Amino acid sequence: MDLSLSPEYESFRDEIATLLADNKDKAPTQNDRGMKNQKRLDWQKWLIEHGLAARTIPQEYGGYGAEPDILKSRIIAEEFARTGLPKGIANQGVSMLVPTLLELGTEEQKQAYIRPTLHGEMIWCQGYSEPGAGSDLASLATKGEIDGNDYVINGQKIWTSTAKQADMIFCLVRTEPDAKKHHGISYLIFSMDTPGIEVRPLVDMTMNANFNEVFFTDVRVPRDQIVGEPGKGWQVANATLTHERGMLGDPNAAKTRLLAIAELMQKETINGERLIDNPVFRDRLIALQARVYAMQANGLRVMSNRIKGESAGMAGLIIKLQGCELNHELARLAIDAMGEFGLLYGDTPYLRDFGAWQAKYMYDLGLIIGGGTAQIQKNIISERGLGMPREPRPAAV
Amino acid sequence: MEFGLSDDQRMFQDSIKGYLDSAAPLDTVREIADGDSAKGQSIAGGLAELGLDQVLIPERHGGLGLGLLDAALIQEALGAAVAPAGFLSTAMAVAGIESAGTDAEQSEWLSKVGSGDVRFGIAISEHIGAREGAGVTATDGALTGKALFAMDTQDATHVLVADTDGRLHIAAMADGVERIPHATIDRTRDLAELKFSSVKAVALTGENEPGLAADRMVQTGRLLMAADSLGAAQTMLDKAVEYAKERKQFNRVIGSFQSVKHLCAEMAAHLEPARALVWHAAHAVDENMDEAALMVCLAKSHLAEIGTFIARTSTEVHGGMGFTDLVGLHYWFKRIGANRQLLGSPERVREEAARLQGWA
């Protein structure tokens, strides 16, 4: 056990801290709205040029081209968290499509898509889930039939975030109807401007349209717009789903949230008593603090395993389930601590923290469900982690 | 930067697990719990041969000079086997003597602990919270009063006592310490009331402020209680998974039902981060990190909660058999239950965590 950083990494940290401090005026603020705001795009370009974003993506595809170094990436992330400066773009295109193309894309695809995606000039959405294919994603029914040099796509996707803003979609489509369900799917990438695509916003319990439904009617996509082989789309998609689950349980986000609640509880009073001075609320706060510290330690352990190229085993499998659950409970404590103030939502006097805690409480319930539900996570933990048998398939209904 | 165990640490823990597997299976634990003290002493002897008495003693006093993380790994193995062993009290005694003793006092007592000539029981529960007016006062080299929940005093030659001012004293059990054993749920642990009426004792006279050494002892004990629950809970999870893979109902192993699998997954999902928390807290103490005291409080209280959850859930996965003495799962259930209350229940330890952060 050694949690110290070697001098090489300490000086790397100093270097990053200085670089960020000297250039903080370049950073966009909350007033620079929109995914393609020029100030945001300029900032992203500057981040990539200085190895603060797209760090390990080869230069020939528009990245910085550094050797992968998990500790350096972590130091960079910590410096962004410490300074509060906006970090590099981490949308679905950057975090899911780019790794997929790097691994399985053709040279033409890499050349065409990676650079603009990394630079925030090309926005992607993910077409996986369908109304009839949620946890059982592989049963998806959107079909792509071959007609000449095109696939002709018909069907519907749901839970598609950023579909309104997206230039492109990476999409799972059933192209081999006679194959078994996991073997009949292909991974297609195409423009959202293609005729026959309709996007309808899906208002969720937060009363915002964080997601959309996407309808395909005779959408023609050239057959070379496929990543990997026809019928291999399930394997292509799975390579990056694992990555998404890792993102969803970030322990540093929980730590930040915990500190914000501690601050809130020192500010808010009931009958003149600060909530932090109420033993019941305080006990809940410390109980959650223990879980936050446990997840942080777990995160350090997983990182150490990755540095050594070892599997993190159970410590990795539990992150999505535990991390999302913990974030949700943190938001619940903040709301309970505020009491009636915790109900306020929207444009209204007495609103605390812009209503963020209610928004988080609701949105995080979505995260517990999305990206593989808590129940699917428990199947994975028990089957892959504990070696328990799969549930036998029921007789066909 | 490396968060994990060294090969040496793993090997040491494996050697203790291996010894306990052969020397202290559940049948032997039962015999000791039923009063077979010869078997208990034989295990204590075997563990001493593995070097357990020397683990935390600095090298300059003839010990191995290892840290709290090493001790935690040992305690985890002891908890996994619900082994009746005084390692936790020895570790607390070493922490107390190191913190409160002059160099000469440290040298004298620690070398005797290391050689096995002295075995310490611990009387410190009043330093954490006094019940029914209990407490021990020291006057002119003699102790008077009672200590309600003293640990590991049956086979002890001496007892390390925190007086009502938090100062530490050493008394020989043979010098008239009256011992009244408690009957508790956890028969793998030795818990007793001690009565002192003018019992001769020597004070540790190092320069530390009163209470500081006692706090240090409590910190060591709490971290090891957490490690003990970690080990016991891991065994309960392993046994639940094993049982669920064998037991058949409705023509299927019950481990193929999601209702059962999900209980096991929940146990694992809570336990794995708790393991990292125990390691992190122990390491923080070893390295004198800023948040060490806080992290030990978090580890103690969190493992109490996680342990309780796993103790109950594993029993449930075993169905009716989990409830029987025949299977004996209750030894782990009760050990976890005892760890939860000893040296501070989770609510009280969390209150202390709040105070450490200026929130109470």
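Quick note on labels: first sequence line is chain A, next is B, and so on, each numbered from 1. This one's a predicted model, so the numbers in the text were calculated from it and none came from an experiment.
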Euclidean distance, [Y] [atom2] relative to [X] [atom1], rounded to 0.5 Å:
{"X": "B:Leu263", "Y": "A:Lys378", "atom1": "CG", "atom2": "NZ", "answer": "8.5 Å"}
{"X": "B:Gln258", "Y": "A:Glu383", "atom1": "CD", "atom2": "CD", "answer": "7.5 Å"}
{"X": "A:Leu386", "Y": "B:Glu242", "atom1": "CG", "atom2": "CD", "answer": "12.5 Å"}

Does A:Glu273 CD have over 12 foreign heavy atoms under 6.0 Å away?
yes
Is it the case that atom CZ in B:Arg355 sees more than 12 heavy atoms from other parts of the structure closer than 6.0 Å?
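Atom CZ in B:Arg355 is packed in, count exceeds 12.
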Per-residue contact mode, B:Leu69 against chain A (heavy atom under 4.5 angstrom):
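It is the side chain, since no backbone atom gets that close.
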Given that the side chain runs from C-beta out, which part of B:Glu291 has a heavy atom under 4.5 Å from chain A: side chain, backbone, both or neither?
side chain
[X] versus [Y], closest heavy-atom pair with distance:
{"X": "A:Gly387", "Y": "B:Lys245", "result": "O-CE, 3.0 Å"}
{"X": "B:Leu277", "Y": "A:Ala290", "result": "CD2-O, 3.9 Å"}
{"X": "B:Ala269", "Y": "A:Ile318", "result": "CA-CG2, 3.4 Å"}

With a 4.5 Å cut-off on heavy-atom pairs, point out which of A:Leu285, A:Ile276, A:Ile381, A:Leu5 contacts chain B the most.
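Sorted descending by pairs with chain B, the first entry is A:Ile276.
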Report the C-alpha separation of B:His262 and A:Asn379 in whole Å, then their side-chain angles, then the decisive distance to 0.1 Å, and conclude whether the side-chain contact (heavy atoms from CB on, under 4.5 Å) test is met.
CA-CA 7 Å; B:His262 286 191; A:Asn379 282 353; 2.7 Å; yes
Using the test salt bridge (charged side-chain N to carboxylate O under 4.0 Å, His left out), find all partners of A:Glu391 that sit at least two apart in sequence or belong to another chain.
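For A:Glu391 the salt bridge (charged side-chain N to carboxylate O under 4.0 Å, His left out) partners, ignoring immediate neighbours, are B:Arg252.
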Show, in sequence, the C-alpha distance, side-chain angles and deciding distance for A:Leu3 and B:Met1, and conclude whether the side-chain contact (heavy atoms from CB on, under 4.5 Å) test is met.
CA-CA 5 Å; A:Leu3 301 184; B:Met1 160 77 211; 4.1 Å; yes
Under the criterion side-chain contact (heavy atoms from CB on, under 4.5 Å), I'd like the reasoning laid out for A:Tyr293 against B:His280: C-alpha separation, chi angles, the key distance, then a yes or no.
CA-CA 9 Å; A:Tyr293 274 63; B:His280 201 180; 5.9 Å; no
Between [X] and chain B, with a heavy-atom cut-off of 4.5 Å, which part of the residue counts as in contact: side chain, backbone, both or neither?
{"X": "A:Leu317", "result": "neither"}
{"X": "A:Leu71", "result": "side chain"}
{"X": "A:Leu321", "result": "side chain"}

When [options] are compared by non-hydrogen pairs under 4.5 Å with chain A, the top option:
{"options": "B:Glu347, B:Gln9, B:Glu351", "result": "B:Glu351"}
{"options": "B:Ala354, B:Ala353, B:Ala281", "result": "B:Ala354"}
{"options": "B:Leu237, B:Leu271, B:Val241", "result": "B:Val241"}
{"options": "B:Arg275, B:Met267, B:His270, B:Met289", "result": "B:His270"}

Using a distance-only test with no angle check, is there a side-chain donor-acceptor pair under 3.5 angstrom linking A:Asp2 and B:His283?
no
Return yes if a side-chain donor-acceptor contact under 3.5 Å exists between A:Gln289 and B:Gln357, otherwise no.
yes
Is A:Ile286 close to B:Trp359 at the side-chain level, that is, under 4.5 Å between some pair of heavy atoms?
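A side-chain contact under 4.5 Å exists here.
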Take B:Cys264 and A:Met388 through the side-chain contact (heavy atoms from CB on, under 4.5 Å) test and state the conclusion after the steps.
CA-CA 9 Å; B:Cys264 294; A:Met388 299 182 82; 3.7 Å; yes
What residues of residues 335-345 of chain B sit under 4.5 Å from chain A when you count only heavy atoms?
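Residues qualifying by a heavy atom under 4.5 Å from chain A are absent, so none.
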Only heavy atoms, only distances under 4.5 angstrom. Which residues in residues 299-322 of chain B are near chain A?
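Contacts with chain A: B:His302.
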All N/O donor-acceptor pairs, side-chain side in residues 294-305 of chain A, below 3.5 Å, sequence neighbours left out:
from, atom 1, to, atom 2, distance (Å)
A:Gln296, OE1, A:Lys255, NZ, 3.4
A:Gln296, NE2, A:Asn252, OD1, 3.4
A:Asn298, ND2, A:Ala315, O, 3.0
A:Arg301, NH1, B:Glu272, OE2, 2.7
A:Arg301, NH2, B:Glu272, OE2, 3.3
A:Ser304, OG, B:Phe3, N, 2.6
A:Asn305, ND2, A:Glu310, OE1, 3.2

Whether B:Glu2 side chain and A:Met1 backbone form a donor-acceptor pair below 3.5 Å
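Not at all, since once roles are kept as given, no pair shorter than 3.5 Å links the two residues.
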